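Below, all heavy atoms of this structure are taken into account, side chains as well, without hydrogens, waters or symmetry copies. Everything quoted here is computed from the prediction, not taken from an experiment.
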Amino acid sequence: MLIGKWSGYEGKKLQMLVQAALLHDIGKTKVPPEILNKPGKLTEAEYEEMKKHSTYGYRMLEEKRNVSMDICLAVLMHHEREDGSGYPIGAKSDRIHDFAKIIAVADIYDAMTSERVYKERESPFEVFELMEEKTLSQLSVEVVFTFLNNIASYYIGDLVMLDNGKIGEIVHINPRHVSKPIIKVDDKYLDLTVEKHVKIKHLL
């Protein structure tokens with residue numbers, strides 16, 4: 001919803017985006033629980049079955065008369081990528097529904113910053129760095145920068161643990177490198193665009 005608002009969506013269009021986002025993984029109800037909840041790495045066959053969830057979701061929703069095709073397509077395409085490396089149909093750039101592009105960014109952020117049975121959560125700034133890299137090929141540049149330039153400001157004033165063991169406060173977000181903020185540690189300021197050997201380990 002926030003990305004939609006930041007992108008200028010309002011009214012019915014924003015409502016449909018939110019509905020699509022809430023329903024984007026509904027197809028996982030058709031994936032066997034032993035695959036869905038497996039704590040370890042999936043086998044190739046299990047992964048192929050997991051990938052079918054977007055198609056399952058599309059088929060479930062297209063049967064409903066009160067669900068718009070925009071929502072159905074967003075559910076189908078939320079794992080498509082700008083370079084055609086996604087699934088289920090390998091759609092590229094302008095063939096991917098705009099809702100799906102927004103959901104993809106929100107989904108990646110949520111997945112990586114959440115605790116899962118198979119991995120620990122990552123700090124938001126590690127995710128921001130990954131997103132900055134992925135915009136070169138996989139994610140919508142427009143959506144990513146709309147997201148990063150708005151969400152990062154929420155973290156100003158937060159305390160962080162650095163990978164050198166020190167605690168600092170986020171005091172400034174660099175709009176060109178959102179993943180590399182300026183951190184105040186004691187009476188010193190660390191610009192992470194310059195201090196490349198220092199990284200944020202996690203938020204406190």
Quick check on side-chain contact (heavy atoms from CB on, under 4.5 Å): which of Ile200, Ile167, Leu204 does Val160 satisfy it with?
Ile200
Is [Y] close to [X] at the side-chain level, that is, under 4.5 Å between some pair of heavy atoms?
X      : Y      : result
Arg59  : Lys52  : no
His177 : Leu192 : no
Pro88  : Leu76  : yes
Tyr58  : Ser54  : no
Trp6   : Asn149 : no
Ile183 : Val198 : no

[atom2] on [Y] to [atom1] on [X], rounded to 0.5 Å:
X      : Y      : atom1 : atom2 : result
Thr146 : Ile3   : OG1   : CD1   : 8.5 Å
Leu2   : Ile151 : CG    : CD1   : 6.5 Å
Met60  : Ile26  : CE    : CD1   : 4.0 Å
Ile96  : Arg81  : CD1   : CZ    : 8.0 Å
Phe99  : Gln19  : CZ    : CD    : 9.5 Å
Glu80  : Lys101 : CD    : NZ    : 11.0 Å

Taking Leu203 as the starting point, is it possible to reach Val185 by hopping between hydrophobic residues whose side chains are less than 4.5 Å apart?
yes
Taking a hydrophobic cluster as the set of Ile, Leu, Val, Met, Phe, Trp and Tyr residues connected by side-chain heavy atoms closer than 4.5 Å, whether directly or through intermediates, do Leu22 and Leu17 fall within one such cluster?
yes
Sequence neighbours excluded, which residues qualify as side-chain hydrogen bond (donor to acceptor under 3.5 Å, both in side chains) partners of Ser93?
Glu82
Mind checking side-chain hydrogen bond (donor to acceptor under 3.5 Å, both in side chains) for Lys51 and listing every partner two or more places apart, or none if nothing turns up?
Glu48
Minimum heavy-atom separation for Ser7 to Ile102, with atom names?
OG-CD1, 4.4 Å
Heavy-atom closest pair, residues Lys92 and Asp83:
CE-O, 3.6 Å
Side chain of [X], backbone of [Y]: donor and acceptor closer than 3.5 Å?
X      : Y      : answer
Asn174 : Arg176 : yes
Asp163 : Lys199 : yes
Glu62  : Cys72  : no

Is it true that Lys41 and Glu46 have a side-chain N and a carboxylate O under 4.0 angstrom from each other?
no
Check the orientation of Tyr155 and Phe125. Use parallel for under 30°, tilted for 30 to 60°, and perpendicular for over 60°.
perpendicular
Check Lys28, Lys30, Glu49 against Tyr56 for a side-chain hydrogen bond (donor to acceptor under 3.5 Å, both in side chains) and give me the one that passes.
Glu49
Tell me, yes or no, whether the heavy-atom count around Glu10 atom CD, taken from other residues, nucleotides or ligands under 6.0 Å, exceeds 12.
no
Could you give me the CA-CA distance, side-chain angles and deciding distance for Val18 and Met1, then say whether side-chain contact (heavy atoms from CB on, under 4.5 Å) is met?
CA-CA 6 Å; Val18 173; Met1 182 186 70; 3.8 Å; yes
So, Glu195 versus Tyr189: side-chain donor-acceptor pair below 3.5 Å or not?
no
